[in-house]
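To keep things clear, I will list the structure first and then write my remarks on it.
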Amino acid sequence: MSGTPFQRAVWDALKRIPEGRVTTYGDLAAYLETRAVRAVGTAVGKNPYAPDVPCHRVVRSDGHIGSYSGEGGVKRKISLLASEGVHVSAGRVRDFAEKRHRFV
DNA sequence: AGGGCGGCAGTTG
DNA sequence: TCAACTGCCGCCC
């Protein structure tokens, strides 16, 4: 099981996000040249390579932490981000604009 | 500030 | 195989 081409494209994009940075589902969709933002979210959640593919570095376009279907849920997502220097308070990423990674 | 609809891949009946 | 529902969202009403 290695996922569909679409999922692999999403996961591959995730690996391009540097540590300590985050991106949004919208940016991900734009990078993949699709408007299927929800589909992107679904693909991210299906990621089977937990730590290797940093699915926790994907947040909402408004800076909110979003959701997390992996072990520990949102709590875990926040912990992982915190360990990289990305702090979350009140469900929001601090200095979101600065931490936001742009695919070039 | 809140709620609802929209576009798309995957999964399930 | 076909149709319908769901999902780590986003944007407009």
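Computed from a predicted model, the values in this text were never measured in an experiment. To find a chain, count down the sequence lines: A is the first, B the second, and so on, and within it residues start at 1.
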Search all heavy atoms of Thr23(A) against all heavy atoms of Leu28(A) and return the closest pair with its distance.
CG2-CD1, 4.3 Å
Under 3.5 Å, side-chain donor or acceptor atoms of residues 85-104 of chain A against the rest of the protein: list the pairs with distances, not counting sequence neighbours.
from, atom 1, to, atom 2, distance (Å)
Arg92(A), NH1, Asp62(A), O, 2.5
Arg92(A), NH2, Asp62(A), O, 3.0
Lys99(A), NZ, Gly85(A), O, 3.3
Arg100(A), NE, Asp27(A), OD2, 3.0
Arg100(A), NH2, Asp27(A), OD1, 3.2
Arg100(A), NH2, Asp27(A), OD2, 3.2

Taking atom types as modelled and ignoring hydrogens, do the side chains of Arg38(A) and Tyr25(A) form a donor-acceptor contact shorter than 3.5 angstrom?
no
Can you sort out the partners of Tyr68(A) under side-chain hydrogen bond (donor to acceptor under 3.5 Å, both in side chains), two or more places apart, ordered by chain and number?
none
Which whole number of Å gives the distance between the P atom of dG4(B) and that of dT6(C)?
16 Å
Joint cluster assignment, Leu14(A) & Val22(A), ILVMFWY side-chain distance < 4.5 Å:
no
Walking along DNA chain C from 5' to 3', note the first and the last nucleotide with an atom under 4.0 Å from a heavy atom of chain A, and give both.
dG7(C) to dC11(C)
Which residues, if any, of residues 19-43 of chain A bring a heavy atom under 4.0 Å of DNA chain B?
Arg35(A), Ala36(A), Arg38(A), Ala39(A)
Residues 71-83 of chain A vs side-chain hydrogen bond (donor to acceptor under 3.5 Å, both in side chains), sequence neighbours excluded, gives none
Does CZ belonging to Arg35(A) count more than 12 external heavy atoms closer than 6.0 Å?
no
Using the 3.5 Å cut-off, write out each protein N or O paired with an N or O of nucleotides 1-4 of chain B and the distance between them.
none

Do you know the tightest heavy-atom contact between Ser69(A) and Gly45(A)?
OG-O, 3.9 Å
Restricting to non-hydrogen atoms, name the atom on Leu80(A) and the atom on His56(A) that form the minimum distance, rounded to 0.1 Å.
CB-CD2, 3.6 Å
Below 4.0 angstrom, N of the basic side chain to O of the carboxylate: do Arg57(A) and Glu84(A) qualify?
yes
Check the pair Thr24(A) / Val58(A) against side chain to side chain contact (heavy atoms under 4.5 Å, CB included), numbers first and verdict last.
CA-CA 5 Å; Thr24(A) 70; Val58(A) 189; 5.8 Å; no
Looking at DNA chain B, which of residues 72-92 of chain A put a heavy atom within less than 4.0 Å of it?
none
Could you work out, with side chain to side chain contact (heavy atoms under 4.5 Å, CB included) as the rule, every residue matching Ala39(A), not counting sequence neighbours?
Phe6(A), Ala36(A)
Spatial distance of atom CG (Leu81(A)) from atom CZ (Arg21(A)) [nearest 0.5 Å]
13.0 Å
Whenever both distances are under 3.5 Å in a Watson-Crick or G-U wobble pair, mark it; put DNA chain B into dot-bracket that way, with [ ] for crossing pairs and | when the partner is on another strand.
.|||||.||||||
Contact list please: residues 56-64 of chain A against DNA chain C, heavy atoms, distance less than 4.0 Å, in numerical order.
Arg60(A), Ser61(A)
